[in-house]
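Data block below; observations after.
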Amino acid sequence: MADRVTVGARPSPATDTRAEIDVIGIGNALVDVLSHESDEFVRRQDLVKGTMHLIDEARARNVYEAMGPGIEISGGSAANTVVGVASFGGRAHYVGKVRDDQLGEVFGHDLRSTGVGYDTPAATSGPPTGRCLILVTPDAQRTMNTFLGAAVHLCPDDIDARLIARGKILYLEGYLFDPPDAQEAFRVAAGMAHAAGRKVSLTLSDPFCVDRHRHAFLDLVERHVDVLFANEAEITSLYQVGDFDAARERVRGHCEVAALTRGPRGSLVVGGDEVHVIDAHPVDALVDTTGAGDLYAAGFLFGLSRGLDLGSCGRLGSLAAAEAISHIGARPMVPLAELAGAVLG
C-alpha cells in the first residue's frame, strides 16, 4: 500500500468550490426490463435467485421471450445512483456507452429528463445497446440477466479529464468491471479524480463480480478508492471470510470510508475511528428490491458531497433505499428532496 495516494493530501470535495458537479457516475448504460415471475420460473431458467448473471445476445432474446408482461425503463446501477442524487436536488453527470440505436436514444433521453448530464458519444458499430432482464419473485428478490452490449466498449478514451475534475465525487460501478478496457478506464478515471483533488467511490455491485475479479478489486480498493459501498455478501467475498465483523475490520484499513449494507438490518458505516449503525428506514410494503443498493449510494453520496457527517449520510442512504423498494423499478417515484427533511431534521 506504499504507493497509494494519501487521502489526507487531497482537499475535501465538500469545500472545493472548483467542483460544480456533486457526483459523476461511470457504469453500464442499460435498459431495464422488469417482470414479476415465480420461483419456479427462475429455476427453469437455471438461475441463482437474487444475483446478477451475464448473458449473451441469444440468451437475452430467449429469456425476454419467456418473460411475462413487464416494464421497460432506462437503468444501469450507476445510472440509477446518479438519478437518485439528482432527485435529492444534487448535480449529477453520467458516463456510459450505448449504441446509436433506438434503445440508446431512449436511454439518453430518459436519463437527461431526470436532470442528469449525459453526453458520452454513442458507438456507431458493434453490439446494440445493453439491457438487463430483471425477474422479481414474490419475496421481492430480483434476479438479473444482463446483456452488456455496447456498454462493454467503454474505454479510457471515453473518460474526459476536464469532466472528472468538475465532480466532487467520482462513483464507479462494479458491474462494469468485467471488460479489461473498463477496468483500465476505472483506473484512469480514478487517477484523474485524485489529481484534481476529488474523492473516488466504488460499489462492489455483486458477489459474483467480486469472485470473478477479486485480485483486481482488492487492488482498486486499496490503492484508488476512498469510499466503498458493499453489501454483506460482497464484503465477505472480497476478503474471503465467513464473518461480517472480520470483513468490516479488514476494510477499515483499506479505504477512508466503507458503507456496508445488510438489508432489513440496516447498514454499518465505518470511517477512521467512527462506527455508525444505521437502522433500515421503515417501509409500508416491500415490493421490489431492485435498486436498493443503488439508491442507498445515492443518498450517502449526496450527503457526503454536501459535507454532512457520516451518520447523516447513512440515514439519507437508508431513506432512499426504502423509497426504491416500495415500488417496482429502481428510480425514485417521489422526489427524494421532499423526504430528506424528516431525516435531517
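Residues L202 and F186 approach most closely at CD1-CE2, 4.5 Å, considering heavy atoms. Closest of all the heavy-atom pairs between V287 and A140 is O-CB, 3.4 Å. The minimum heavy-atom distance between G89 and A337, with the atom names listed, is N-CB, 4.5 Å. Shortest non-hydrogen contact noted between S35 and G68 is CB-O, 3.8 Å. The two residues R142 and I134 come nearest to each other via the heavy atoms CB-CG2, 3.7 Å. Listed here is the closest heavy atom pair of T261 and S267: CA-CB, 3.9 Å.
Residues passing the side-chain contact (heavy atoms from CB on, under 4.5 Å) test with V188 are P156, E184, M192, sequence neighbours excluded. Remark: D206 pairs with no residue by the salt bridge (charged side-chain N to carboxylate O under 4.0 Å, His left out) rule, at least two apart or across chains.
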Next on the checklist: Show, in sequence, the C-alpha distance, side-chain angles and deciding distance for V275 and V269, and conclude whether the side chain to side chain contact (heavy atoms under 4.5 Å, CB included) test is met.
Outcome noted: CA-CA 6 Å; V275 178; V269 179; over 6 Å; no
Next on the checklist: Before you tell me yes or no, could you show the steps for V270 and R248 under side chain to side chain contact (heavy atoms under 4.5 Å, CB included), namely the whole-Å CA-CA distance, both residues' side-chain angles and the distance that decides it to 0.1 Å?
Outcome noted: CA-CA 8 Å; V270 294; R248 177 197 67 194; 4.0 Å; yes
Item to check | From CA spacing to verdict: side chain to side chain contact (heavy atoms under 4.5 Å, CB included), H276, L268 | outcome: CA-CA 6 Å; H276 300 270; L268 190 74; over 6 Å; no
Item to check | Test log, rule side chain to side chain contact (heavy atoms under 4.5 Å, CB included), inputs R61 and E57 | outcome: CA-CA 6 Å; R61 186 164 49 250; E57 189 171 1; 4.1 Å; yes
Item to check | Trace of the salt bridge (Lys or Arg N to Asp or Glu O under 4.0 Å) decision for D22 with R306 | outcome: CA-CA 8 Å; D22 293 312; R306 298 305 174 93; 2.9 Å; yes
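Both F302 and L339 are assigned to one and the same hydrophobic cluster, defined by single-linkage of ILVMFWY side chains at heavy-atom distances under 4.5 Å. Note on F177 and L218: same hydrophobic cluster, where clusters join Ile, Leu, Val, Met, Phe, Trp and Tyr whose side-chain heavy atoms are under 4.5 Å apart, directly or indirectly. In this structure, L238 is a member of the same hydrophobic cluster as V241, with clusters built from ILVMFWY side-chain heavy atoms closer than 4.5 Å. Both L154 and I164 belong to a common hydrophobic cluster when Ile, Leu, Val, Met, Phe, Trp and Tyr are linked at side-chain heavy-atom distances under 4.5 angstrom. Y175 and L133 fall into different hydrophobic clusters, where Ile, Leu, Val, Met, Phe, Trp and Tyr are joined by side-chain heavy atoms under 4.5 Å apart, directly or via other members.
Using a 4.0 Å cut-off between a side-chain N of Lys or Arg and a carboxylate O of Asp or Glu, R214 and D211 qualify as a salt bridge. A salt bridge is absent between D32 and R131: the closest approach of a Lys/Arg side-chain nitrogen to an acidic carboxylate oxygen does not fall below 4.0 angstrom. In summary, E232 and R265 engage in a salt bridge, as defined by a charged side-chain N under 4.0 Å from a carboxylate O. Salt-bridge check for K49 with D39: passed, with a basic side-chain N closer than 4.0 Å to an acidic carboxylate O.
The closest donor-acceptor contact from the side chain of R99 to the backbone of G126 lies under 3.5 Å. Side-chain atoms of N80 never come within 3.5 Å of backbone atoms of G75 as a donor-acceptor pair (strictly under, hydrogens ignored). Put simply, the side chain of R212 never gets that close to the backbone of P207: no donor and acceptor are under 3.5 Å apart. At least one donor-acceptor pair under 3.5 Å links the side chain of E323 to the backbone N or O of M333. No side-chain donor-acceptor contact under 3.5 Å links T236 to the backbone of G242. The main-chain N or O of A150 is never found under 3.5 Å from a side-chain atom of K97 such that the two would form a donor-acceptor pair. No donor-acceptor pair under 3.5 Å is formed between the side chain of N28 and the backbone N or O of L30. Using a distance-only test at 3.5 Å, with no hydrogens or angles considered, a donor-acceptor pair links the side chain of T143 to the main chain of G50. Distance alone, capped at 3.5 Å, places no donor-acceptor pair between the D219 side chain and the H215 backbone. Side chain of Y94 to backbone of G27: a donor-acceptor contact under 3.5 angstrom is found.
In D243, the CG atom is crowded: over 12 heavy atoms of neighbouring residues, nucleotides or ligands sit closer than 6.0 Å. The number of heavy atoms from other shown groups lying within 6.0 Å of CG (D46) does not exceed 12. Heavy-atom contacts from other residues, nucleotides or ligands closer than 6.0 Å to OH of Y64 number 12 or fewer.
The closest side-chain donor-acceptor pair between D294 and T81, if any, does not fall under 3.5 angstrom. In summary, the side chains of D279 and S318 do not present any donor paired with an acceptor at a separation below 3.5 Å, with no hydrogens or angles considered. T120 and D158 share no donor-acceptor pair across their side chains, judged by distance under 3.5 Å alone. There is no side-chain donor-acceptor pair under 3.5 Å between E40 and S38. Looking only at atom types and distance, the side chain of S312 has a donor-acceptor partner in the side chain of D309 under 3.5 Å away.
Note that the CG atom of L176 and the CG atom of D181 stand 10.5 Å from one another [nearest 0.5 Å]. S201 contributes atom OG, which lies 11.5 Å from atom CD of E173 (distance to the nearest 0.5 angstrom). In this structure, CD on Q45 lies 8.5 Å from CG on N62, to the nearest 0.5 angstrom. Within the model, atoms CD1 of I73 and CG of D110 stand 8.5 Å from one another, a figure rounded to the nearest 0.5 Å. Going from atom CD1 of I21 over to atom OG of S305 covers 11.5 Å, rounded to the nearest 0.5 Å. With rounding to the nearest 0.5 Å, the separation of CG in L148 from CD1 in I55 is 9.5 Å.
Other residues sharing a hydrophobic cluster with V283 under the 4.5 Å side-chain heavy-atom criterion for ILVMFWY residues are L286, I325.
For the pair Y171/I24, no side-chain contact is recorded, criterion being any heavy-atom separation below 4.5 Å from C-beta on. Using a 4.5 Å heavy-atom threshold, the side chains of R262 and N231 count as separate. A heavy-atom distance below 4.5 Å is found between the side chains of H53 and T51. Taking the side chain as every heavy atom from C-beta outward, P127 and H153 approach each other to under 4.5 Å. Contact of the F229 side chain with the L260 side chain is not registered, since no non-hydrogen atoms from C-beta on lie closer than 4.5 Å. L54 places a side-chain heavy atom less than 4.5 Å from the side chain of M52. Between V257 and L310 there is a side-chain heavy-atom pair separated by less than 4.5 Å. Within the 4.5 Å cutoff, the side chain of H36 has no heavy atoms near those of the L135 side chain.
Here the options are R166, R91, R162, the test is salt bridge (charged side-chain N to carboxylate O under 4.0 Å, His left out), and the partner is E20; only R166 passes.
Between F217 and H213, the angle of the ring planes goes over 60°, which puts this pair in the perpendicular group of the 30/60° scheme.
The ring of H109 has its center no closer than 6.0 angstrom to the ring center of Y118.
Both the sub-6.0 Å distance and the 45° axial angle are not jointly satisfied by R59 relative to the ring of F147.
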